[in-house]
Amino acid sequence: MVQLLALWITLNYFDSIGGWSIYEVSFMYGLFTLSYGIMIFFFAGFRDFSSLIHHGSFDILLIRPHNLLLQVICGKLELTSIAHFGVASLLFWWCFEHIELTWSLFKVLQFIEILVAGALIQGGLLLLWAALSFWLVNTSALVRFGWVINANFLSYPLSLYNKPVQWAFTAFPLSFITYYPAKWFLDKSDTMAPWTASIGSMSLIIGILFFIVVYILWLLGIRSYKSTGN
C-alpha cells in the first residue's frame with residue numbers, strides 16, 4: 001500500500017509518464033501485485049530455500065519418496081498472499097472504472113493468461129535463487145535484491161528506461177510480468193518499437209519456457225548437492 005501511495009503521488013503530480021496515465025501504470029502495478037500473490041501462495045517454500053541448504057535440512061527431503069519440487073511447495077503455505085489479492089482486486093476495480101475496455105470472453109481469458117504468465121515468471125525467479133543455493137549456500141541477500149529491483153522497475157513502463165535496461169529486462173523476461181502484458185491487454189502504444197505492442201501475447205509461452213529452464217538448472221543443482229553428512 002505504501003508503494004502504491006508513492007506511485008499515486010508521483011503520477012498525480014505529473015499526470016502521466018511516457019504517455020501512460022495513472023490508471024494504466026496502476027494497472028501494471030496491479031499485475032505485479034496479483035501475480036506475485038498467486039505465485040507466493042504456492043512457492044513460498046522457495047523463498048527461504050537457502051536456509052534448508054545452509055542448515056542441512058535438505059537431507060530430510062532427499063530420503064522421502066516424493067518429488068522434491070512438490071515437497072518444497074507443500075512445505076509452506078503463505079496465507080499473507082490474501083493481502084495481495086485484496087489490494088490488487090481493489091486496484092483493478094479502480095483502474096477499470098477509468099480505462100475504456102470492452103469486456104468479452106477473449107478479454108477475460110487474456111487477463112487470466114497474463115496473470116498466470118506473471119506468476120510463472122516470478123515463480124521461476126524464486127526457483128532460480130533456490131537453484132543457486134546449491135552452489136552459493138546462502139542466497140537470501142540475492143532474493144531481497146531481486147525483489148527490490150522488481151518492485152521499483154516493474155511498476156513503470158519499460159519505455160522510460162534506456163536501451164540497455166530495455167534489452168536486459170526483455171532478454172531476462174522481467175518485463176513480461178507487467179509491461180508487455182499490460183501493453184498487449186490495453187492495446188497501448190508508446191515510444192517503444194511497434195512490434196512490442198503484440199509481444200505480450202507470448203507472455204504465457206515465455207513464462208512456461210523460463211520456468212522449465214530454471215527447473216532444469218535446479219535439477220542440476222540437486223545433482224551437485226553434497227550432504228552435510230550428519
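Taking the six-membered ring for Trp and thresholds of 30 and 60 degrees, Trp103 and Phe111 have ring planes more than 60 degrees apart, a perpendicular arrangement. Between Phe58 and Phe134, the ring planes are perpendicular. Angles over 60° get that label, and only those under 30° would be called parallel.
A ring-centre distance under 6.0 Å is not found for Phe210 and Phe176. The aromatic ring centres of Phe32 and Phe153 sit 6.0 Å or more apart. In this structure, Tyr179 has its ring center closer than 6.0 angstrom to the ring center of Trp20. Between Tyr161 and Tyr156, the distance separating the two ring centers is not shorter than 6.0 angstrom.
Between Leu125 and Leu174 the shortest side-chain heavy-atom distance falls below 4.5 Å. Looking only at side-chain heavy atoms (C-beta outward), Val108 and Ile112 come within less than 4.5 Å of each other. Ser155 is not listed as a side-chain neighbour of Thr178, based on a closest heavy-atom distance of 4.5 Å or more. Looking only at side-chain heavy atoms (C-beta outward), Trp129 and Phe46 stay at 4.5 Å or farther from each other. Two residues are said to be in side-chain contact when any heavy atoms from C-beta on lie closer than 4.5 Å; Leu120 and Leu204 meet this criterion. Contact of the Leu69 side chain with the Leu127 side chain is registered, since non-hydrogen atoms from C-beta on lie closer than 4.5 Å.
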Pair Leu101-Phe185, side-chain contact (heavy atoms from CB on, under 4.5 Å): steps then yes or no: CA-CA 9 Å; Leu101 283 176; Phe185 182 82; 3.6 Å; yes
Check step by step if side-chain contact (heavy atoms from CB on, under 4.5 Å) holds for Ile73 and Phe43. CA-CA 5 Å; Ile73 290 176; Phe43 290 93; 4.0 Å; yes
Could you walk me through whether Val72 and Leu68 pass side-chain contact (heavy atoms from CB on, under 4.5 Å), step by step? CA-CA 6 Å; Val72 178; Leu68 290 171; 5.6 Å; no
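Looking only at distances, no side-chain donor or acceptor of Lys188 sits under 3.5 Å from a matching main-chain atom of Tyr180. Remark: the backbone N or O of Ser51 is not paired with any side-chain donor or acceptor of Asp48 at under 3.5 angstrom.
Distance check: Ser198 OG to Lys183 NZ gives 9.0 Å after rounding to the nearest 0.5 Å. Distance check: Ser203 OG to Ile121 CD1 gives 6.5 Å after rounding to the nearest 0.5 Å. Between the CE atom of Met39 and the CD1 atom of Ile177 there is a distance of 8.5 Å, given to the nearest 0.5 Å. Here the CD1 atom belonging to Ile53 is positioned 11.5 Å from the CG atom belonging to Leu132, to the nearest 0.5 angstrom. Between atom CE of residue Met192 and atom CG of residue Leu158 there is a gap of 4.5 Å, rounded to the nearest 0.5 Å. Between Leu62 atom CG and Gln71 atom CD the span is 8.5 Å, to the nearest 0.5 Å.
Under the 4.5 Å side-chain contact rule for hydrophobic residues, Leu126 and Leu136 share a cluster. Under the 4.5 Å side-chain contact rule for hydrophobic residues, Ile205 and Val116 do not share a cluster. Both Leu91 and Phe85 sit in one connected hydrophobic cluster of ILVMFWY residues. Membership requires side-chain heavy atoms under 4.5 Å apart, directly or through other members.
Counting all heavy atoms, side chain and backbone alike, Phe172 lies closest to Leu128 at CZ-CD2, 3.8 Å. The two atoms that bring Leu186 and Phe27 nearest to each other are CD1-CD2, 3.9 Å, heavy atoms only. Summarising the geometry of Ile40 relative to Ser81, their closest heavy-atom pair is CG2-CB, 3.6 Å, with the distance given to 0.1 Å. In plain terms, the two heavy atoms of Leu52 and Leu61 that are nearest each other are CD1-CD1, 4.1 Å. Closest approach of Ser201 to Glu113, counting heavy atoms only: O-OE2, 3.4 Å. The nearest pair of heavy atoms linking Ala182 to Met28 is CB-CG, 3.6 Å.
Shown here is Met202, whose CE atom has no more than 12 heavy atoms of other residues, nucleotides or ligands within 6.0 Å. The neighbour count for Asn162 CG, taken as heavy atoms of other residues, nucleotides or ligands under 6.0 Å away, is above 12.
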Just distance, no hydrogens or angles: give the donor-acceptor pairs under 3.5 Å from side chains in residues 214-222, sequence neighbours left out.
none

Hey, can you pull the donor-acceptor pairs under 3.5 Å for the side chains in residues 93-100, sequence neighbours left out?
unit_1 : atom_1 : unit_2 : atom_2 : d
His98  : ND1    : Trp94  : O      : 2.9

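Tested against Phe92 for a side-chain contact (heavy atoms from CB on, under 4.5 Å), the candidates Val87, Leu31, Thr33 yield a single pass: Leu31.
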